[in-house]
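Counting begins at 1 with the first residue of the sequence.
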Amino acid sequence: MPIRGRNLPGLTFSEQAARGLRAAVWLVLAAGLCPPAHAQDDASAPKPIVSDEEFEKALPPLDGDLESIEEWEAEQRRLEEQAVLKAGAMPMRVREDAEKAAADEAAAISRMPMIDDMGEPVPLDSGLDEPLPPLSEFDLEPVDAKALGEDTDLDRQLRYDWRIDGLEGLQGTVSESDIRSRFRSISALDDGDGDTASGTQLSSRLTADRQLLADILSAAGHFDAVVAPAIELPPPDGDGRAAAILEVQPGPQYVFGKIAFDAPPVEPDDLIRRYFPLKSGDPILAEDVLAAEAGMAVGLPRNGYPFAQLGQRDILLDDETRTGDYTLPVTPGPRSRFGDVIVEGEEVFDPEHIYVLARFKRGDLYDSDKLDDLRDALVATGLFAVVAVEPRETGRDAGEGTQFADLAVRQTRGPQRSISLSAGYSTGQGLRAEGSWTHRNLFPPEGALILSGLAGTQEQGLSATFRRSNAGRRDRTVELALSALHSNYDAYNAYTGRLAGRISYDSTPIWQKKLTYSYGFELLASSEKSYVFVRQDRERRTYYIAALPGQLGFDTTNDLLDPVRGFRLNLKLSPEYSGGDQNQFYARGMVEGSAYRSFGDFVLAGRVRVGSIVGTGREDLAPSRRYYAGGGGSVRGFGYQELGPKDPDANPVGGRSLVEGAIEARYRFGDYGVVAFVDAGQVYESSMPGFNDIRFGAGIGGRFYTNFGPVRLDVATPLGRKEGESRIAVYVSIGQAF
């Protein structure tokens, strides 16, 4: 391997190389890389490839016999000293010739090729011979520290103010205040709040903010903007503040020139352009471009192109016309229709039930919004730990220039069982706690078994419910329930067994529907004790009731548990037959409406309810089927079922009609809120409400807002309180009163 280096005075290069090689071999031996002498005596040790005698003969001859590195180095120093002495005695011309010859030899050696470990020459980088670019071409913009002297201490601690100069003449659609606001939100100088910083720290913050401001101006279409940083220091012996300055020359704002899309034809022809609202002459604003491209990325899959992809945009700026020609590559992929469902992972639902949840049919034009809706419907069942739905290209022809896109549904089974608990308190009902155990998929698909228990000071009960969600169609629920309940109120004491079935189309916290309905049946057997006026005593009677209840609702509010705008209407009608001690046909009906209006954090809410029972007298009605008023969900300020006609012991007996109304003023601040309210209502013995003798209750309440709805605490008092009525009534529950 050639050795590259400079010649030492008084020693030719070949002699120097030979001595270096000899020294290197000596070092290898000295370092123990060759086997030591005692290892050579071992019969098991490997024999040397070359004997010492042969190795010595192969070495180039030396002028002297150097026995050690120290002696060799001493010889080199001696020769160098002699050369220096000779050089000093040489004539100037001879000395110059010698130096030139040495330089030529060193240059020749430097051009000698390097040899790699395999003996092959290693090419030198051609760029080494090229001159370095001038320093002016490097993007180095040191901070100009004004009034800095040579003795400036960069570790000096400073308090500082900062400012931006030059934005006053900004021309364009983005205002000076917008630029300053965006800068201030993420500025390192502003984040430091002018606190003490060293000169180095201040310079670093200023340099970072210089780039930040340039980027903000560029995003606003000012691509020629120039930002120069500077620092003005206070006197060394003063207590003043430094000034960090960004001097701006914003330049003109660029606008769009030509706008083009590199894409094959799509259907309809203007689909791509439809989702890109920008046009020639509009300013080139980064946020507008990103928003338009995002709209296109969302819009194409909504219109049959699930595999559309956007390429890298290109904006060609013209500094003479101050315009930018915009080009965006678009690969729309095949126009597609919904195909087959492919189930992957742990199967919870089969493809057939997944299509029950979908709001589209096989063969419909692909729409990503409908796919997102299907994904939400799967999540809402609560049966998945993880579920994902994505389209897959198939290449199968679907007619009319389209292809089928299959839907891959990856499923991971989630917990199938759950336990829920709730509790509340209200005057008249006392404490009340409910709990339930649910197996949500005991009877697949979505067939749930729910076991519930109720324990309270005035009610106790057990129930079992079978419920199938999404039964045959999306959002349809079928329920069958069996329950036993004991109720002990001032109005009546009842032991009731109930078998009921219902088919419903209800709102859920995820999908709140405008139109809801339900219909079903009830079979009841109830033993009830209440006051009988004709006998002037409390008696127990047995009732067997068959009913066909139905409900129709219309809802335009924005939230189920905490509405702030919109209105609700609800109609209930239940034709019933009562057998046992009395055989009667009658009908129970009720109409209820509520409305909500928001004024910022202030909400005004109102409610009206009117009910009527026709076809029978009050004495022939089971006490549990009569109307009552009073309590947390009725007229606050009064006890549960407290309003209306009473027996001689001042216990309520219920009636065949009622009217109720309420108005609330709600104010929310953060997660908390306060409410002021006035409720009104009355129960009448007649089948039509008389709207007379209306009782009022008023109060205030507190709200704590959670992700599942507000927790409310209301305190109310009856207005015009009568003997026996409580001064204060307290109600605690989840959700607004209405």
Backbone of [Y] reached by a side-chain donor or acceptor of [X] within 3.5 Å:
X: Y731; Y: G701; result: no
X: D679; Y: R636; result: yes
X: R335; Y: Y366; result: no
X: R413; Y: E347; result: yes
X: R626; Y: R618; result: yes
X: N303; Y: L300; result: no
X: Q416; Y: H439; result: no

SB check [X] [Y] (cutoff 4.0 Å):
X: R337; Y: D397; answer: no
X: R625; Y: E576; answer: yes
X: D340; Y: R392; answer: no
X: E390; Y: R410; answer: yes
X: E528; Y: R540; answer: no
X: R498; Y: E522; answer: yes

* Cation-pi check, R668 to Y705: give yes when NZ or CZ is under 6.0 Å from the six-membered ring centre and within 45° of the ring axis, no otherwise. => yes

* **Y505 six-ring centre to R476 NZ/CZ under 6.0 Å and within 45° of normal** => no

* Would you call the rings of F349 and H353 parallel, tilted or perpendicular, where under 30° means parallel and over 60° means perpendicular? -> perpendicular

* **Whether F466 and F443 hold their rings parallel, tilted or perpendicular, with breakpoints at 30° and 60°** => perpendicular

Using every non-hydrogen atom in the two residues, find where [X] and [Y] come nearest and quote the distance to one decimal.
X: E446; Y: L357; answer: OE2-CD2, 4.0 Å
X: V356; Y: G472; answer: CG1-C, 4.0 Å
X: F404; Y: G339; answer: CD2-CA, 3.8 Å

Short side-chain donor-acceptor distance under 3.5 Å, [Y] and [X]:
X: R440; Y: S418; result: yes
X: S733; Y: R712; result: yes
X: N488; Y: E459; result: no

* Aromatic contact, F360 with F338 (centres under 6.0 Å) -> yes

* Taking the six-membered ring for Trp, are the ring centroids of F261 and F276 within less than 6.0 Å of each other? -> yes

Spatial distance of atom [atom1] ([X]) from atom [atom2] ([Y]) [nearest 0.5 Å]:
X: D620; Y: S578; atom1: CG; atom2: OG; answer: 8.0 Å
X: L371; Y: L407; atom1: CG; atom2: CG; answer: 5.5 Å
X: T438; Y: L449; atom1: OG1; atom2: CG; answer: 8.0 Å
X: E434; Y: S422; atom1: CD; atom2: OG; answer: 4.5 Å
X: S368; Y: R375; atom1: OG; atom2: CZ; answer: 9.0 Å
X: T516; Y: D555; atom1: OG1; atom2: CG; answer: 7.5 Å

* Asked: With Q641, which residues qualify under side chain to side chain donor-acceptor pair (under 3.5 Å), at least two apart?
  -> none

* Reference residue R359; test salt bridge (charged side-chain N to carboxylate O under 4.0 Å, His left out); the match among D373, D367, D369 -> D373

* Could you please spell out the steps behind the side-chain hydrogen bond (donor to acceptor under 3.5 Å, both in side chains) verdict for Q736 and D562? => CA-CA 6 Å; Q736 298 285 7; D562 185 26; 3.0 Å; yes

* For atom OH of Y672, is the number of surrounding heavy atoms from other residues, nucleotides or ligands below 6.0 Å larger than 12? -> no

* **Inter- and intrachain pairs under salt bridge (Lys or Arg N to Asp or Glu O under 4.0 Å), touching residues 509-519, at least two apart** => D475-K513

* **side-chain hydrogen bond (donor to acceptor under 3.5 Å, both in side chains) between S594 and Y596, worked out** => CA-CA 7 Å; S594 57; Y596 310 87; 3.1 Å; yes

